[in-house]
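Residue numbers start from 1 in every chain, and the chains themselves are labelled A, B, ... in the order their sequence lines are given, proteins ahead of strands. Computed from heavy atoms alone, side chains included, the values below leave out hydrogens, waters and symmetry copies.
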Amino acid sequence: MTGTALELAASIREGRATARQVLEEHLALIATRDGELHAFNEVMAETARAAADRVDAAVGQGQDPGPLAGVPVALKDNLCTRGVPTTCSSKILAGWRPPYDATVVTRLAAAGALVVGKTNLDEFAMGSSTENSAFGPTRNPHDPSRVPGGSSGGSAAAVAAGFAPLALGSDTGGSIRQPAALCGVVGVKPTYGAVSRYGLIAFASSLDQIGPIATSVDDAALLLEVIGGHDPLDSTSLDQPPPDLRTQLDRGVVGLKVGLVTELTGEGIAPDVAERTRQAAAALEAAGATVREVSVPSVTYGLSAYYLIAPAEASSNLARYDGVRYGLRAPGAEDITEMYGATRAAGFGPEVKRRIMLGTYALSAGYYDAYYGKAQKVRTLIVRDFAAAYDQVDVLLSPTAPTVAFELGAKTADPMSMYMNDVCTIPSNLAGHPAISVPFGTGSGGLPVGVQIMAPALAEATMFRAAAVVEAAARDLAPAVEVA
Amino acid sequence: MALPEGWEVVCGLEVHCELGTRTKLFCSCPNEFGSEPNTNVCPVCLGLPGSLPVLNGQAVELAMRIGAALSCEVKPSIFARKNYFYPDMPKDYQVSQYDQPINVDGFLDLPDGSRVGIERAHMEEDTGKSSHAGGTGRISDSTHSLVDYNRAGVPLVEIVSRPDIGSAEQARAYAAELRSILVATGASDGKMEEGSMRVDANVSVRRTGEPLGTRCEIKNLNSLRSLVRGIEYEASRQVELLEAGNRVRQETRHWDEGAGRTRTGRVKEEADDYRYFPEPDLVPLQPNEGWVAAVRAALPVLPAQRRAALAAAVGLEPSTELVVTAVERGLDDFVRDALAAGAEARTALNRAVNDLPAGATVAVKPFAALVGLEVGGALTATQAKKVLEVLVERGGDADPAALAAELGFEALSADALAGIVDEVVAAHPTDWASYVGGNDKVAGMFVGKVMKATRGKADGKAVTALLQQRRGAAAG
Amino acid sequence: MSERLSPEVVAHVAQLARLRLTDDELALFTGQLAAVLDHAADVEALELDDVPPTAHPLSIVNVLRADEPQPCLDRDEVLAMAPAAEDGRFQVPRIMSEDS
Ligand SMILES: [Mg+2]
Ligand SMILES: [Zn+2]
């Protein structure tokens, strides 16, 4: 049987289905179609079966196996899984088996979830199309000639294709929300610090955040409740209990103040996407919210600031892939410097190299103030502008991505055109605020469109309420897009 | 070794000290010296993908103690990443404090009364250790290297002095004083031989009164002796270069203790482009006033205060070498206890500092009794030292009078000694006449004869006094 | 194309990052990096002297851990990950520099 995570967990807990049955059906679907889509780098059938059997045994003994009892979950392959290859879709980590689990993986297991596999991504989460994978691209389930978005393209495609009702992604500049939008599923970037990063292989540490991908807002809320909350292993983890989202989900938006972000709805946004965003605003208004345009001027600098800050942090985070302790080592080097250069040349793909170069440059002597230092100040402006906006409204609304899913190869030759995909999503990462992408009908070619709702730090509950209203309106707006 | 007239050396020291915490700076692996290679490691200190640092609160406490003991201001601080590739650094960056360190602007007063400024004392993580294989063990002829990460992530405080040090001897005194402060505060064991205190010296020379010259950083100074020798060698090398009309090149140099010289390290191609930036995996450190005040209030008595107390007790200046050494070796409490037990101050200080072997334990009471025997004339200085030696051998708690008797050191009575002196005088009338006539050179001969006659039991000073007394009587 | 980046600067950056680049990659990256930096000219041009930098979206401070030892990893597991190991240690090719 398939269904939402909530439906599946309820059936399993109530004995209407076994975790093993549910799992086998999902594994069968993966076996049928993942050859075409390549959502997974690794399918963990055997460990998932063992976990399913434990859930079924617990149910048999009258125990509560947890809120995600028997629910298959797909993990982005930059989340560490003990003893299971964790590659970041990079040759430099091919075959590496972490000796420990990420905190979110531990929490999923404790909630009774079944990890079915590790999903493809842009190498080290650097990209917006999942084409920068050392193991080949992932394809969009709605149109396999098109990209699923990225970098969590494997996770979004897996959920969209029904391989698992839930997945985890990571979002540094939009890497959960943009592929969720392009694949027609829900994607959430939580408040920075709301979910532990322990065991998430870092891209840009001050921006990275793990979040849910799901077929419904309700499921996404459930998954965030399971993975959220304080973790002493992550110094940047907020001292907060897990969020309480689902109890407030159906409270509606009467009286809620919604701001449509002027700078993210005009130039650079495709007409179909812009139209759907206006319709989403109208739907919120119809449900009792007040909607107005709000200017957040400095977000126009977000892209530039992001493409200095994220590569700078990445250049440092990725220094450790040097062939000494784990992963790839290029053979035959005479000395250590040669070994470093050859290993990193062989192990990293072009986009990763490009960003390491850019980040190294932005931090290097003589350029720091002009680039990295300046970008950090822009970050302050964005934080201030958001604060001013949230003085006027409760949540902000924008498109998630500027266009619907594009053809494979369409943007690979021009990095700058690829980077433009993140223009709407980046500001939330720079500010550390939560944001969610909700599917809202289709655009050109019948492809999914997502709209983004942003909220102040730790205002996830409000954000999810608005998301639930948009989701409900989308059902009336257009029937669910048929999966090809 | 002195520099030629008109030259002076200017020196600043960077001291890395390993903190005596139970665990590492950013993970919960044991901070232990001497474990089997790569057994004190975890995902964090191995730099495994996905791992994250969490700061050890005790390391912060100890860093603040060091700052307080050095009269630094404790500031809000952040950690930064210092980026460079080296196999003993698991993440290929070092987490260190850069432009916002925890302790700034302090000073250290040395026993001789001089003051050395402290620029900063910041926290950072230690690296692992590489050893060089396939050759003689030196890096230059090795075929490959082996890396042990047990030390990676051990908490360090790096104490950077201002260039206030004007001689190798002052550098030694600074390092020794710093070490005793580290030990006194419980921040570190200060063991240079185990690498828990490591000293680098920035050395430059100048003609007196001129601006600072180009400096070289001297590494591999593994003992106080190496520190002195390394600075002296390097200063002379630089003066020779300059006097020959050459220039000093700014570089890192390594002290070679065996060869007694410094050697050039690799000239850095990368001009130290470490690309520092704030460590995003850690949050700022802002110790509140209460914490800082508590650290200051809990500081133990520091060496300078101990020197002052001992000096007052024995009636000497705090800068007196005996006082300085007594405190350096931690003997000040012992000496003061001996005084309280009735021992005479100078003799007690002298015997404790000069004649107690390092690490020896002696109970206060027998020590004070021994000092009493010597001061009272029952034992000569030589005999007292011998008794002390045996006392230490026997575990430090025995009756010194009994030991003296065992050694055959029964005291010679004043009458018996006077009789023997008279006998010797009578036996050498010609020499005696010469002595009475003013020839002091023969006094030594008489003392020697008396010593021989008493088989060394006589006190040389007492014999001399008797001889002088008898000469006065004869001349009068 | 921008004149801000010469191939020499890009080669130096590659050396700092320990990336051995082919001549083709060097030429390609020089152009592509310049294009990104050209886009960043909007930020470069901003007058922000009075604006403090934001290194981090959080305002929390003093996150500290108790000084309590925890179990370490098993050495065999650790060294099994290594491309080369010898004598309980990670083996690496000859180190050229004495600096550490
Ligand atoms: Mg240092
Ligand atoms: Zn560790």
Side-chain angles (χ1 to χ4, degrees), chain B residues 21-23 26-31 36-43 46 48 54-60 76 78 83 85-88 92 127 130-134 139-140 142-149 219 252 254 265-266 268-270 273 275 277-278 280 282-288, chain C residues 5-6 8-21 33 37 40 43 51-100:
Chain B
T21 53
R22 298 175 67 199
T23 65
F26 298 123
C27 65
S28 301
C29 290
N31 170 14
E36 280 292 298
N38 294 307
T39 52
N40 295 339
V41 295
C42 74
L46 278 174
L48 294 190
V54 186
L55 183 57
N56 181 343
Q58 179 65 8
V60 177
I78 63 167
N83 293 286
F85 284 84
Y86 204 84
D88 65 13
D92 290 298
T127 61
S130 24
S131 47
H132 309 296
I139 201 164
S140 49
S142 63
T143 57
H144 60 283
S145 295
L146 301 175
V147 193
D148 166 18
Y149 293 106
K219 288 186 175 287
T252 300
H254 296 268
R266 191 184 56 148
K268 289 180 184 166
E269 303 154 17
E270 295 173 6
D273 193 346
R275 289 156 284 135
F277 74 103
L282 291 166
V283 301
L285 192 55
Q286 291 176 13
N288 61 29
Chain C
L5 267 184
S6 68
E8 291 72 33
V9 169
V10 178
H12 170 69
V13 169
Q15 165 61 22
L16 278 179
R18 298 292 186 277
L19 279 174
R20 199 176 66 194
L21 298 184
L33 295 189
L37 294 175
V43 160
V51 179
T54 297
H56 218 268
L58 294 177
S59 55
I60 56 175
V61 298
N62 297 342
V63 174
L64 300 170
R65 164 178 70 73
D67 190 24
E68 301 285 346
Q70 300 287 331
C72 295
L73 287 173
D74 176 68
R75 182 165 78 177
D76 293 339
E77 189 176 12
V78 166
L79 293 177
M81 294 189 295
E86 181 181 319
D87 209 8
R89 283 168 270 221
F90 294 83
Q91 194 247 67
V92 296
R94 200 150 60 98
I95 300 170
M96 295 300 283
S97 146
E98 291 227 3
D99 291 344
S100 58

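With a threshold of 4.5 angstrom between heavy atoms, C:Val78 approaches chain B through side-chain atoms but not through N, CA, C or O. Of the two parts of B:Pro280, the backbone and the side chain both hold a non-hydrogen atom closer than 4.5 Å to a non-hydrogen atom of chain C. Residue contact with chain C, scored on non-hydrogen atoms closer than 4.5 Å, involves the backbone of B:Phe26 exclusively. Proximity to chain C (any heavy atom under 4.5 Å) is shown, for B:Pro43, by both the backbone and the side chain. For a residue to count as touching a neighbouring chain, one of its non-hydrogen atoms must lie under 4.5 Å from one of that chain's; by this rule B:Thr21 touches chain C with backbone and side chain alike. Interface residue C:Ala17: only backbone heavy atoms are found under 4.5 Å from chain B. The contact between B:Pro37 and chain C is made by backbone and side chain atoms together, counting heavy-atom distances below 4.5 Å. With a threshold of 4.5 angstrom between heavy atoms, B:Leu48 approaches chain C through side-chain atoms but not through N, CA, C or O.
Chain B forms more heavy-atom pairs under 4.5 Å with one residue of C:Asn62, C:Asp67, C:Leu58 than with any other, namely C:Asp67. Ranking B:Ser145, B:Ser130, B:Ser142, B:Pro284 against chain C, the residue ahead of the rest is B:Ser145, based on heavy-atom pairs under 4.5 Å. Across B:Ser131, B:Cys27, B:Gly134, B:Cys42, the residue that shares the most heavy-atom pairs under 4.5 angstrom with chain C is B:Cys27. Among the candidates B:Thr143, B:Val60, B:Ile78, B:Asn83, the residue making the largest number of heavy-atom pairs closer than 4.5 Å to chain C is B:Thr143. Ranked by non-hydrogen atom pairs under 4.5 Å with chain C, the options B:Pro76, B:Ala133, B:Ala59, B:Pro87 are led by B:Pro87.
To the nearest 0.5 Å, the span separating CG on C:Leu64 from CG on B:Leu55 amounts to 5.5 Å. In this structure, CZ on C:Arg75 lies 8.5 Å from CG on B:Asp148, to the nearest 0.5 angstrom.
Between C:Cys72 and B:Thr39 the shortest side-chain heavy-atom distance does not fall below 4.5 Å.
With sequence neighbours left out, the side chain to side chain contact (heavy atoms under 4.5 Å, CB included) criterion links B:Pro287 to B:Met64, B:Val74, B:Leu285, B:Trp291, B:Val292. In terms of the side chain to side chain donor-acceptor pair (under 3.5 Å) criterion, residue partners of B:Ser28 (sequence neighbours excluded) are, by chain and number, C:Arg65.
Taking both residues in full, the closest heavy atoms of C:Gln70 and B:Pro30 are given as O-CD, 4.5 Å, listed atom of the first, atom of the second, then distance. The shortest non-hydrogen separation linking B:Tyr86 to C:Ile95 is OH-CG2, 3.4 Å. When every heavy atom of C:Arg89 is checked against every heavy atom of B:Val147, the shortest pair comes out as CB-O, 3.2 Å. Across every non-hydrogen atom of C:Val92 and B:His144, the tightest pair is O-CB, 3.2 Å. Counting all heavy atoms, side chain and backbone alike, C:Asp87 lies closest to B:Leu146 at CB-CD1, 4.3 Å.
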